[in-house]
Amino acid sequence: MTENIFTLLTQEVRGALAALVPELPAEALARVQVEPPRDAAHGDMATNAALVAAKPARMPPPKLAAALAGRLMALPMVSEAAPAGPGFVNLRLREDFLRAQVPTVLRVGERYGDSRLGAGVRANVEYVSANPTGPMHVGHCRGAVVGDALANLLAKAGWDVTKEYYVNDAGNQVAALGWAAYWRYMRAITLNGEDWTAEATERRFGVTLQYRGDYLVAVGDALAERFGDSLAARRIEGTKVPAEETLSAFAPALERGWLVKTAWLDTVRETAVAMMMAEIREDLALLGVNQDVFLSERSLVEAGAVEGAVKLLEDRGLIYEGVLEPPKGKTPEDWEPRPQTLFRATDFGDDVDRPLRKSDGSNTYFANDIACHADKIARGHDLLIDVWGADHGGYVSRMQAAVRAVSDGKVPLEVVLCQIVHVMKAGEPVRMSKRAGTYVTLRDLIEEVGRDAVRFTMLTRKSDAQMEFDLDKVVEQSRDNPVFYVQYAHARCRSVLRQAGDPAVADLAGAPLDALTDPAETALIRRIAAWPRTVEAAATAREPHRIAFYLGDLAGDFHVLWNRGRDDSTLRFIRAEEPEATRARLALVAATATVIRSGLGVMGVTPVEEMR
RNA sequence: GCGCCCUUAGCUCAGUUGGAUAGAGCAACGACCUUCUAAGUCGUGGGUCGGGGGUUCGAAUCCCUCAGGGCGCGCCA
């Protein structure tokens, strides 16, 4: 959009270069960049145009740079253009051109920075996708925030975004949840004084109770209330249970003389899943995460989507029965060659072909996941992004291979990996154990430090870098807490505007800005003007953390300006004796607050009006 | 053993997809409060970008190699 002065300048520079070197090939022109130089002393913008074009133009870079600088001087927004170094052209922009960004911000509001970069692309961002086997804990939190912010970021940059949660409500984990919920149910109805401790239950049914956290007590109670004792397991003597009533995951109990009708167990499991999902969605809502689509794995399986996806691959000759080589180097102890149903992932860049079926004939998770991604493609998405924990890193290449195969290479799958978050309290790591049920839940975390601190902090690191989350630090009100620092800048902006009687934005947008000449003011204006470029760069790189860093820089520029007024009272924002300068500065303050809100909006963090 | 990710100031981390003399914060030292919020700001010191090779006008960034750390490695999701 025209609000992006970098895009504008790039077009101008390319135009000037093309006029100067008409024979320049298009791909060279595309490499021409206009960027703020690392060293601000070099000017507002620098371009590599002469370096890129020197060879095709058969001219030494400095000479070409000098010629280009001459042309660029003629541009209305350029005040100075000079060749520099090995062949750069440094540009200084007219102050009034830069200042014009301020009323632009005020006019478009928080939509400032919106871009059409991704226009026409339907992107699906899948994140969280935790098993519905328990409440959200801090381990899920980073992916939830990163995924949500990335989706917001892409939407701001013009992509048509769907936020998605893939519900893993099929498979062993959920079967185990069923048993644990059943155990809680049996305890809730307390039959005949029998021993329903976890140990006795495990012995009786020949299963392991994986999920012993207290959170399933409520599920057991709800089942007892709704179904009375009609789901209760009964001891049977010498009764043969018809095979069709068995379900593999529940089979062991049947062999031990306990009748557990599978239809009843389905009820238990479905109730547990539904209650867990409701809880997870509540937790996500507390975090400000509200996905558009919740896609159920079980419903895909039941609708035959997995068979459909496998058929699709089969039709393309990508499925075969074969035996895999053992992993290179160290062979596992219990390795034995087995014929399996395999997908030719190696045809699409993976290291080995991947199994689609378990030996009992059921599908692997991978097979179901292919169906999930095929479903997204069928719904018309042309860019798939998954946010996963780093422990799933080994899964990336096979999933990409599958998506490539299913979509004929038309739909890319990108995977953003999130590293572990170490929660710290008073310098000590907080231990987590899901089995014992002694973990830090997301809800605990939000209650302790607040949603905004959680979201902001989760975005202060690159997602593939490990992170320490210090419960004490994120609520600390000091310079080294970026959450506070950025919020404080916004609160200060609002404080000034309140002090000035909250002037109408339309009025400020019309203010003459010639008075904004202090270096701290022009630095702030330049930072504001860089926001659209930051959005595009962060979206392109799929790196929402860049927004957090930008806001830290923007807040820093503002705090500097604030303190200038402390040192020199003629630089204070509100000066009764200078109404025009006051209006100009209020416009700048309002624009700053607007851009902070725009950035916090991407991060899903609420801007505060004042610090408490 | 193989594959992927990581290694930047004493510490925690950025580094605008290959640009000019590599930056912040913390910690250390030294400044600034009758004030629109000092919960802040300014200054000083601090580096062989893990080591070595290569690609080119130019490398923290791309390729190779070695060292160290993390993750993963046929029916867990």
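If you're wondering where the values come from, they're calculated on a predicted model, not measured in any experiment. Per chain, numbering begins at 1; letters A, B, ... match sequence-line order. Basis for what follows: all heavy atoms, side chains included, without hydrogens, waters or symmetry-related copies.
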Q. More 5' along RNA chain B: A:L324 or A:F484, using each one's nearest nucleotide?
A. A:F484
Q. Picking from B:A77, B:A38, B:C36, which would you name as closest to the side chain of A:Q499?
A. B:C36
(Q) Mind checking if A:F573 touches a base, just sugar-phosphate, or nothing, with heavy atoms under 4.0 Å? (A) base
Q.
Whole angstroms only, please: what is the CG-C1' distance between A:L64 and B:C57?
A. 13 Å
Q) What interatomic distance, in whole Å, is found between P of B:U8 and the corresponding atom of B:U12? A) 8 Å
Q: Write down the distance between CG (A:D502) and C1' (B:C36), rounded to a whole number of angstrom.
A: 13 Å
Q | Separation of the P atoms in B:U61 and B:U55, to the nearest angstrom | A | 15 Å
Q: Compare the minimum distances between each of B:U37, B:G74, B:U41 and the side chain of A:P355, then state the nucleotide with the smallest one.
A: B:G74
Q. Going by a 90° cut-off around 0, is B:C33 syn or anti?
A. syn
Q) Does A:D375 have any side chain to side chain donor-acceptor pair (under 3.5 Å) partners at least two apart in sequence or in another chain, and if so, which? A) A:R379
Q) Does A:Y165 have any ring-ring contact (aromatic ring centres under 6.0 Å, His included) partners at least two apart in sequence or in another chain, and if so, which? A) A:F294
Q) On RNA chain B, nearest-nucleotide positions of A:Q173 versus A:H559: which is more 5'? A) A:H559
Q | Candidate nucleotides B:C71, B:C36, B:C42, ranked by approach to the side chain of A:I574 - the nearest | A | B:C36
(Q) A:D169 vs A:R298, test: salt bridge (charged side-chain N to carboxylate O under 4.0 Å, His left out). Steps then yes/no. (A) CA-CA 6 Å; A:D169 51 3; A:R298 176 165 290 268; 5.1 Å; no
Q: Flag the pair A:D568 and A:R564 as a salt bridge only when some basic side-chain nitrogen lies within less than 4.0 angstrom of an acidic carboxylate oxygen.
A: no
Q | Nearest-Å distance once atom P is located in both B:C2 and B:A27 | A | 45 Å
(Q) Applying side chain to side chain donor-acceptor pair (under 3.5 Å), can you list everything that pairs with A:R404, at least two apart in sequence or on another chain? (A) none
Q | ring-ring contact (aromatic ring centres under 6.0 Å, His included) partners of A:F573, counting only residues at least two apart | A | A:F558
(Q) By the 4.0 Å heavy-atom rule, please label A:S478 as base, sugar-phosphate, or nothing. (A) sugar-phosphate
Q: Could you pull out the closest heavy-atom pair between A:C418 and A:V387, with the gap in Å?
A: SG-CG1, 3.7 Å
Q: Calculate the interatomic distance between A:R494 atom CZ and B:C36 atom P; express it in whole Å.
A: 18 Å
Q) Whole-Å distance between B:G40 C1' and A:H490 NE2? A) 18 Å
Q. Taking only N and O in the side chain of A:R492, is any of them less than 4.0 Å away from OP1 or OP2 of B:A38?
A. yes
Q) If the P atom of B:C62 is compared with that of B:G19, how far apart are they to the nearest Å? A) 11 Å
**Q.** Closest to the A:D464 side chain, choosing from B:C36, B:C6, B:C57
**A.** B:C6
Q.
With a 4.0 Å limit, can you tell me whether A:N168 has a side-chain N or O closer than that to the phosphate oxygens OP1/OP2 of B:A77?
A. no
Q: Looking at every strand, decide which applies to A:E610 at a 4.0 Å heavy-atom threshold: base, sugar-phosphate, or nothing.
A: base
Q. From B:U37, B:A77, B:C36, pick the nucleotide closest to the side chain of A:Y395?
A. B:A77
Q: Using a 4.0 Å heavy-atom cut-off across all strands, classify A:Q487 as base, sugar-phosphate, or nothing.
A: nothing
Q: For RNA chain B, find the residues of residues 338-349 of chain A with a heavy-atom distance under 4.0 Å and give them by number; none if there aren't any.
A: A:R338, A:Q340
Q. Given the rule that a pair is Watson-Crick or G-U wobble with both distances under 3.5 Å, how would you write RNA chain B in dot-bracket, using | for pairs to a different strand?
A. (((((((..((((.....[...)))).(((((.......))))).....(((((..]....))))))))))))....
Q) Does a nitrogen or oxygen in the side chain of A:W562 sit under 4.0 Å from OP1 or OP2 of B:A38? A) yes
Q: Under the salt bridge (charged side-chain N to carboxylate O under 4.0 Å, His left out) rule, what do A:R542 and A:E414 come out as? Steps first, then yes or no, please.
A: CA-CA 9 Å; A:R542 323 288 193 232; A:E414 299 176 12; 2.6 Å; yes
Q.
Could you check B:U61 for me: syn (within 90° of 0) or anti?
A. anti
Q. Who passes salt bridge (Lys or Arg N to Asp or Glu O under 4.0 Å) against A:R572, sequence neighbours left out?
A. none
Report, one line per pair, each donor and acceptor closer than 3.5 Å where one atom sits in a side chain of residues 493-501 of chain A; sequence neighbours left out.
residue : atom : partner : partner atom : Å
A:R494  : NE   : A:E609  : OE1          : 2.6
A:R494  : NE   : A:E609  : OE2          : 3.4
A:R494  : NH1  : A:D502  : OD1          : 3.3
A:R494  : NH2  : A:D502  : OD1          : 3.4
A:R494  : NH2  : A:E609  : OE1          : 3.3
A:R498  : NH1  : A:E609  : O            : 3.2
A:R498  : NH2  : A:E609  : O            : 3.4

Q) Rounded to whole angstrom units, what separation is found between the CG atom of A:L561 and the C1' atom of B:U37? A) 15 Å
Q.
Between the side chains of A:K473 and A:E476, is the shortest nitrogen-to-carboxylate-oxygen separation below 4.0 Å, so that they form an ion pair?
A. no
**Q.** With A:Y365 via ring-ring contact (aromatic ring centres under 6.0 Å, His included) - residues at least two apart
**A.** none
Q | Residues which pass side chain to side chain donor-acceptor pair (under 3.5 Å) with A:E521, listed by chain and number, not counting sequence neighbours | A | A:R585
Q. Which whole-number value in Å describes the distance from A:D350 CG to B:G74 C1'?
A. 13 Å
Q: Give a yes/no answer on whether the side chain of A:K63 brings an N or O atom under 4.0 Å of OP1 or OP2 in B:C57.
A: no
(Q) If the condition is ring-ring contact (aromatic ring centres under 6.0 Å, His included), which residues does A:Y488 pass it with, not counting sequence neighbours? (A) A:F484, A:H559
Q: Determine the contact category for A:P337: base if any of its heavy atoms lies under 4.0 Å from a base atom, sugar-phosphate if only primed atoms, P, OP1 or OP2 are that close, otherwise nothing.
A: base
**Q.** Nearest-nucleotide pick for A:Y485, side chain only, options being B:G40, B:U37, B:A77
**A.** B:G40
(Q) At less than 4.0 Å, is any side-chain N or O atom of A:R566 found next to OP1 or OP2 of B:U35? Yes or no. (A) no
Between the protein and nucleotides 15-21 of chain B, which nitrogen or oxygen pairs come in under 3.5 angstrom?
residue : atom : partner : partner atom : Å
B:G15   : OP1  : A:H545  : NE2          : 3.4
B:U16   : O2'  : A:R533  : NH2          : 2.9
B:U16   : O2   : A:R533  : NH2          : 3.3
B:U17   : OP1  : A:E35   : OE2          : 3.2
B:U17   : OP2  : A:E35   : OE2          : 2.4
B:A20   : OP1  : A:R38   : NH1          : 3.1
B:A20   : OP2  : A:R38   : NH1          : 3.4
B:A20   : N6   : A:N90   : OD1          : 2.4
B:A20   : N1   : A:N90   : OD1          : 3.1
B:A20   : N1   : A:N90   : ND2          : 3.1

Q. Roughly, in whole Å, what's the span from NZ in A:K55 to P in B:U56?
A. 8 Å
Q: Could you check how far CZ of A:F549 sits from C1' of B:G25, rounded to whole Å?
A: 10 Å
